[in-house]
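Structure, as structure tokens:
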2 protein chains.
Amino acid sequence: MAPRPQAAVDAAFVAHCRARGLLVTEQRRAIYAVLAASREHPSAEQIHRAVRARLPRLSLATVYKNLEALRAIGAVSDVNSLHEHGRYEAALPGTGVGQPHHHLVCIRCKRVLDLHDRRLDAFRLGAAQAHGFEVRAIRVQVEGLCPSCQMARPSAAVRRSV
Amino acid sequence: MAPRPQAAVDAAFVAHCRARGLLVTEQRRAIYAVLAASREHPSAEQIHRAVRARLPRLSLATVYKNLEALRAIGAVSDVNSLHEHGRYEAALPGTGVGQPHHHLVCIRCKRVLDLHDRRLDAFRLGAAQAHGFEVRAIRVQVEGLCPSCQMARPSAAVRRSV
DNA sequence: TTATATGCAAACTGTTTGCACGTAG
DNA sequence: CTACGTGCAAACAGTTTGCATATAA
């Protein structure tokens with residue numbers, strides 16, 4: 001929470017890259033700097049646009065490659081980590097799937113299960129109101145490993161992804 | 001929750017379509033039937049594949065058009081409703097963005113704000129364990145209208161989207 | 001009969017990949 | 001010096017759109 005001076009953030013970033021074996025390039029630092037300075041959860045294209053102000057030759061492909069590289073070393077996380085492609089469910093009251101419920105998602109096989117839990121439904125507002133939001137829905141997504149994926153030994157990629 | 005006989009679900013679906021002015025086609029019923037019968041939160045392509053077993057000429061475009069039409073009348077909802085495109089955030093401990101936190105998303109302008117709320121962090125397990133999941137993270141996404149979007153009068157599209 | 005839905009193919013958008021060149025260490 | 005990173009362009013995947021044909025009501 002306490003916003004650190006950007007120089008300190010940059011130093012920590014550089015150290016983290018070195019420790020994990022990534023080269024430290026100007027592009028990489030600039031991309032991270034944009035992310036660290038933003039509260040906007042920007043998309044790859046927004047990052048590209050922002051960094052381009054300083055490095056006009058930066059390519060979008062480099063942004064993507066870096067986001068992936070930084071995610072792999074834990075310096076960046078994706079806000080909507082899972083199932084980036086549309087997933088749907090029946091919602092008609094009467095189908096038995098209409099009630100409010102939450103989701104249990106397996107970070108390995110990407111399965112999504114419904115989760116019915118009274119405690120989770122209990123929420124209402126709170127800090128959201130401080131931001132002036134008019135709350136319409138609360139969606140809880142529990143991420144973890146499903147039983148069958150616990151069997152298979154976790155790959156390095158998965159182990160570091162959460 | 002109580003899984004209704006599929007005939008009853010189909011009847012309710014047909015009635016809902018008629019009430020909202022949508023024609024009742026075989027494709028539409030089949031698409032909905034697949035969704036209502038599934039606990040898998042399928043993607044458009046999975047739905048397409050499943051329905052094709054019965055209606056081999058069904059096109060993928062029709063699946064997409066129907067998912068949108070059904071979403072508009074509230075018969076279907078998307079599991080990952082918002083920002084289907086990648087959104088990132090700095091995660092390096094020390095940047096001030098590393099701590100566990102949740103997201104407040106505006107369903108209209110799609111802005112994503114961080115939400116820090118001790119009560120939300122309080123969760124741990126619960127029903128998830130019943131499913132045998134090894135829980136790694138809990139992500140709470142509060143959806144609503146941000147202050148500036150409350151000003152602008154809601155469009156019909158937005159009003160029905162939650 | 002007529003408004004709506006379907007199927008196909010082409011267009012679009014976001015993301016990924018291959019490769020020649022550049023640069024950090 | 002050498003491995004890794006960058007930029008470009010082409011390839012891809014998921015989704016959307018335009019239009020002629022088919023069909024529900």
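Numbers restart at 1 for each chain; the letters A, B, ... are given by sequence-line order, proteins then strands. Just so it is clear, the model here is predicted, and its values are computed rather than measured.
Qualifying salt bridge (Lys or Arg N to Asp or Glu O under 4.0 Å) partners for B:Arg28, counting only residues two or more places apart in sequence or in other chains: none. With sequence neighbours excluded, the residues satisfying salt bridge (Lys or Arg N to Asp or Glu O under 4.0 Å) with A:Glu40 are B:Arg111. Considering only residues two or more places apart in sequence or on other chains, B:His48 meets the ring pair (Phe, Tyr, Trp, His ring centres under 6.0 Å) condition with none of them. Taking B:Ala30 as the reference, B:Val51, B:Arg54, B:Leu55 meet the side-chain contact (heavy atoms from CB on, under 4.5 Å) condition, with sequence neighbours excluded. Residues satisfying the salt bridge (Lys or Arg N to Asp or Glu O under 4.0 Å) criterion with B:Glu134, sequence neighbours excluded, are B:Arg136.
With salt bridges taken as basic N to acidic carboxylate O contacts below 4.0 Å, none links B:Asp78 and A:Arg87.
Rounded to whole angstrom, the span from the CZ atom of A:Arg28 across to the P atom of C:dT23 amounts to 15 Å. Rounded to a whole Å, the CZ atom of A:Arg29 is 17 Å from the C1' atom of D:dT6. The distance from atom NE2 of A:His48 to atom C1' of D:dC8 is 11 Å, rounded to the nearest whole Å. One interatomic measurement links the two molecules: CZ of B:Arg87 to C1' of C:dG14, which rounds to 13 Å at whole-angstrom precision. Taking atom CD1 of B:Ile47 as the reference point, atom C1' of D:dG14 lies 13 Å away to the nearest angstrom. What separates CZ of B:Arg20 from C1' of C:dT4 is a distance of 17 Å, to the nearest Å. Going from atom CZ of A:Arg52 over to atom P of D:dG7 covers 9 Å, rounded to whole Å. Rounded to an integer number of Å, the gap from CG of B:Leu60 to P of C:dG7 is 11 Å.
Using a 4.5 Å cut-off between side-chain heavy atoms of Ile, Leu, Val, Met, Phe, Trp and Tyr, with links allowed through other members, A:Leu113 and B:Val135 fall into the same hydrophobic cluster.
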>> Please encode protein proximity along nucleotides 18-25 of chain D as a string of B, S and -, counting only heavy-atom distances under 4.0 Å.
In response: B-----SS
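For the OP1/OP2 pair of C:dT23 and a distance below 4.0 Å, the side-chain nitrogens and oxygens of A:Gln27 include no atom meeting the criterion. Proximity of A:Arg57 to the phosphate of D:dC8: a side-chain N or O atom is located under 4.0 Å from OP1 or OP2. The phosphate of D:dT6 (OP1 or OP2) has no side-chain N or O of A:Ser59 nearer than 4.0 angstrom.
For B:Asn66, the listed nucleotide lying nearest its side chain is C:dT6; candidates were D:dG7, C:dT6, C:dG7.
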